[in-house]
*Asks:* 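Take this structure, written in structure tokens, and hold onto it; I'll ask about it next.
Counting convention: from 1, in listed order, for ligands and their atoms alike.
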Amino acid sequence: MNQTQIQLFDTKSRQLQPLQSSDGKKIRIYSCGPTVYRDAHVGNMRTFLLGDLITRLAKYLGNEIEFIQNITDVGHMSEDFVEDKILAQAKAESKDPFEIARTYEGRFHNDLKSLNITAADLYPKASECIAMMHDLIKKLIDTDHAYLGSDNCVYFAAQSYSSYGAISGNRLDALKPGHKFEYTEDGAKRFHADWALWKAAAGRTEMIWDSPWGPGFPGWHIECSAMSLHYLNKFVDLHLGGIDLRFPHHENERAQSNAAINSEAVALWVHGEHLLFEGRKMAKSTGNVVLVSDLIAKHLDPLALRLCFLENRYRSQMDLSWDSLKAAHLLIQRWREKTAVWRLAKVTDTKPAVSFIDEIINDFTTDLDTPRALQKLRSIEKAQTLSDGVKLEIFKVVDPLFGLDLLKPAVVKSQLPQELQKLLDARSVARSTGDFVESDRLRDLLAKDGIVVRDSKDGQSWDYLI
Ligand code: AMP
Ligand code: ZN
């Protein structure tokens, strides 16, 4: 077994920390999962890739892993805390809220598969874990960390947890009323930064459950405390999520979990930075939300997205564009073509591969320095001092860490539909007879159908327009 240890940047201690198993058996990992009211966009996928990269690496190094990712299908409220995201979408699509949740959950799993993201061991759904949330809330009430408000909601008493703010730096005495946490003006809460663990139904008729405090539904933060502690046996070696979850979601989760078990419940908090698209935050209002299905519709290999993510350190904000996706698509194709050629090489001594492989593993274990690891692959591809057999051996051994399927056959471009092939042929004739007006007209027609034509000394060639 390789003894190399994985170092990751822990948001709470603000330094690199080793990832290790606290029970000496398995590394227990929890990742906040999707809120299934819409398709996950490629930004969400960047965060979900983080769990896959770490579990692939940890398994490769010989560790046993228990990886849980929840499905938030109730309780995640809109930014203004007025409406449950799932219920709002159910209304918009005139569907049952559970149907909405199951539909988008299914699509989330398909997106994961497209990106070679290995499935977690379990995807508990919040709506199916209500009893364990009740148990946790009861415990927090019994230990004076929570109380029943005058509006029949149960609140966590933020001031009862003295080290609140350790992850995000948002200490309670600096938090102003109304700042990014649920704020009620009617005095139901004792302190403005307290948050709801259980919300009274108060007129809501769907997605509600009976409870010791009356009918209602859970708060989003208590869901992750309950599911992580329950499914990972009361301790989390690594907790993952996007950077926006640092506060208040993870700060509140930490207070709840730690108060419940009376000690630190999570060893490492690791956060992935956000993805921008063409320079801007991805948002419906900006019209730049990109889905995995959009890549597929443009005939791009979805693994091109994975490669783009790997080109950037997970802790840096990154900007994605169609150009970078296209370049990544071509690079994957090129590497697959290369490995196909290298396979034909005579078997040679592959011992020289070992030191290169070790260096790449070292890049991964050093806080997932994937850009550096990719740079090494580029140099190895071009190295004149390495035999094809050694190059193949390196690519073969490290490909499971990158998850790019670099030993798969390169995809052959499909044939053009007949009517487009006719336009292409007519353009070739126009060019050969010097009729450039007609040739340009045909090129524009093909562009309308998403085909770009390029001219070279060998004639014309086509590609999908991206
Ligand atoms: P949600 O489905 O909104 O609950 O988000 C699922 C995950 O995606 C969370 O861990 C978020 O922090 C993360 N996330 C949301 N937007 C982005 C983005 N633009 N880039 C990277 N991660 C994101
Ligand atoms: Zn969560």
Side-chain angles (χ1 to χ4, degrees), residues 11 29-53 68-79 84-86 88-89 100-101 104-105 107-109 111-112 115 117 120 123-126 129 133 136 167-168 195 197 218-232 236 238-257 265-266 269-286 288-292 305-306 308-309 312-320:
T11 313
I29 305 179
Y30 183 86
S31 172
C32 290
T35 308
V36 283
Y37 68 107
R38 54 149 171 78
D39 282 312
H41 55 57
V42 292
N44 302 131
M45 300 317 288
R46 184 182 189 206
T47 292
F48 299 144
L49 177 68
L50 197 48
D52 179 50
L53 289 176
I68 307 293
Q69 182 165 40
N70 75 298
I71 300 291
T72 302
D73 57 359
V74 64
H76 195 169
M77 307 301 274
S78 57
E79 298 305 313
D84 193 307
K85 291 185 177 189
I86 308 276
Q89 189 61 25
I100 290 289
Y104 289 109
E105 184 187 348
R107 283 152 71 149
F108 158 72
H109 288 300
D111 286 344
L112 294 186
L115 293 186
I117 294 179
Y123 291 97
K125 302 179 197 16
C129 297
M133 294 175 206
L136 187 56
I167 301 176
S168 62
W195 63 91
L197 303 176
W220 176 37
H221 316 307
I222 197 69
E223 297 179 358
C224 283
S225 281
M227 290 185 269
S228 60
L229 291 177
H230 178 86
Y231 288 107
L232 292 175
V236 181
L238 169 64
H239 195 306
L240 297 166
I243 194 75
D244 56 311
L245 300 190
R246 207 172 25 168
F247 178 81
H249 186 54
H250 288 164
E251 205 64 82
N252 293 1
E253 187 186 328
R254 173 172 175 267
Q256 296 159 170
S257 301
V266 173
W269 291 92
V270 171
H271 293 100
E273 251 297 348
H274 266 191
L275 174 86
L276 304 180
F277 195 79
E278 300 192 326
R280 289 183 303 171
K281 184 180 162 171
M282 233 180 312
K284 252 193 194 160
S285 52
T286 332
N288 68 344
V289 172
V290 178
L291 310 178
V292 174
L305 179 63
R306 188 174 172 113
C308 286
F309 292 157
N312 294 268
R313 197 80 176 267
Y314 77 94
R315 275 203 285 133
S316 313
Q317 214 176 57
M318 73 168 271
D319 192 17
L320 187 70

*Asks:* Any side-chain heavy atom of Asn312 sitting closer than 4.5 Å to one from Ser316?
*Replies:* no

*Asks:* I'd like to know if the side chain of Asn70 reaches the main chain of Pro124, judged simply by a donor and an acceptor atom lying under 3.5 Å from each other, with no hydrogens or angles considered.
*Replies:* no

*Asks:* Donor-acceptor pair, Arg246 side chain versus Ser168 backbone, under 3.5 Å?
*Replies:* no

*Asks:* Return yes when Lys281 approaches ligand 1 closer than 4.0 angstrom through a heavy atom, no otherwise.
*Replies:* no

*Asks:* Write out the residue and atom name of the closest protein heavy atom to atom 17 (C) of ligand 1, then the distance separating them to 0.1 Å.
*Replies:* His274 NE2, 3.3 Å

*Asks:* Where does Met282 meet ligand 1, judged by heavy-atom distances below 4.0 Å: at the side chain, the backbone, both, or neither?
*Replies:* neither

*Asks:* Just need the protein heavy atom nearest to atom 10 (O) of ligand 1, so name the residue and atom and give the distance.
*Replies:* Gly242 N, 3.0 Å

*Asks:* Measure the distance from atom 4 (O) of ligand 1 to every protein heavy atom, then report the residue, atom name and distance (to 0.1 Å) of the closest one.
*Replies:* Thr35 OG1, 2.8 Å

*Asks:* What protein heavy atom sits nearest atom 21 (C) of ligand 1, and how far away is it?
*Replies:* Gly43 O, 2.9 Å

*Asks:* I want to know if ligand 1 touches Leu275 in the polar sense, i.e. an N/O pair below 3.5 angstrom.
*Replies:* yes

*Asks:* If you count the atoms of ligand 1 from 1 in the order shown, which ones are under 4.0 Å from a heavy atom of Pro34?
*Replies:* 2 (O)

*Asks:* Using a 3.5 Å distance criterion without hydrogens, assess whether the side chain of Glu273 forms a donor-acceptor pair with backbone atoms of Ile243.
*Replies:* no

*Asks:* Return a yes/no value for Ile243: is any of its N or O atoms, backbone included, closer than 3.5 angstrom to an N or O of ligand 1?
*Replies:* no

*Asks:* Quick test of your reading of the model: are Asp73 and Lys125 salt-bridged, counting only N-O distances below 4.0 Å?
*Replies:* no

*Asks:* If we only count N/O pairs under 3.5 Å, is Thr47 in contact with ligand 1?
*Replies:* yes

*Asks:* Decide whether an N or O pair under 3.5 Å exists between Glu273 and ligand 1.
*Replies:* no

*Asks:* Can you pull out the closest protein heavy atom to atom 8 (O) of ligand 1? Residue, atom name and distance to 0.1 Å, please.
*Replies:* Asn44 ND2, 2.9 Å

*Asks:* What residues form a side-chain hydrogen bond (donor to acceptor under 3.5 Å, both in side chains) with His274, not counting sequence neighbours?
*Replies:* Asp244

*Asks:* Yes or no: does Leu245 have any heavy atom under 4.0 Å from an atom of ligand 1?
*Replies:* yes

*Asks:* Does Arg38 have a non-hydrogen atom less than 4.0 Å from ligand 1?
*Replies:* yes

*Asks:* Would you call the rings of Trp220 and His249 parallel, tilted or perpendicular, where under 30° means parallel and over 60° means perpendicular?
*Replies:* parallel

*Asks:* For the CG atom of Leu136 and the CE atom of Met133, what is their distance to the nearest 0.5 Å?
*Replies:* 9.5 Å

*Asks:* Consider every N or O of Trp220 and every N or O of ligand 1, then say whether any pair is closer than 3.5 Å.
*Replies:* no

*Asks:* What distance separates Ser78 OG from Gln89 CD, expressed to the nearest 0.5 Å?
*Replies:* 12.5 Å

*Asks:* Roughly how far apart are Leu320 CG and Leu305 CG, rounded to 0.5 Å?
*Replies:* 6.0 Å

*Asks:* Taking side-chain hydrogen bond (donor to acceptor under 3.5 Å, both in side chains) as the test, write out the residues that go with Gln256, two or more places apart.
*Replies:* Trp195, Ser225

*Asks:* If you have a sec, work out which protein heavy atom is nearest atom 12 (O) of ligand 1 and how many Å separate them, to one decimal?
*Replies:* Asp244 OD1, 2.4 Å

*Asks:* Quick one: side-chain hydrogen bond (donor to acceptor under 3.5 Å, both in side chains) partners of Tyr37, sequence neighbours excluded?
*Replies:* none

*Asks:* Can you list, by chain and residue number, the protein N, O or S atoms under 2.8 Å from the Zn ion (ligand 2)?
*Replies:* Cys32 SG, Cys224 SG, His249 NE2

*Asks:* Look up atom CG in Leu291 and atom NE2 in His41, then write down how far apart they are to the nearest 0.5 Å.
*Replies:* 9.0 Å

*Asks:* Please check if the side chain of Asp319 supplies one atom and the backbone of Glu278 the other of a donor-acceptor pair under 3.5 Å.
*Replies:* yes

*Asks:* Short N/O distance, under 3.5 Å, between Lys85 and ligand 1?
*Replies:* no

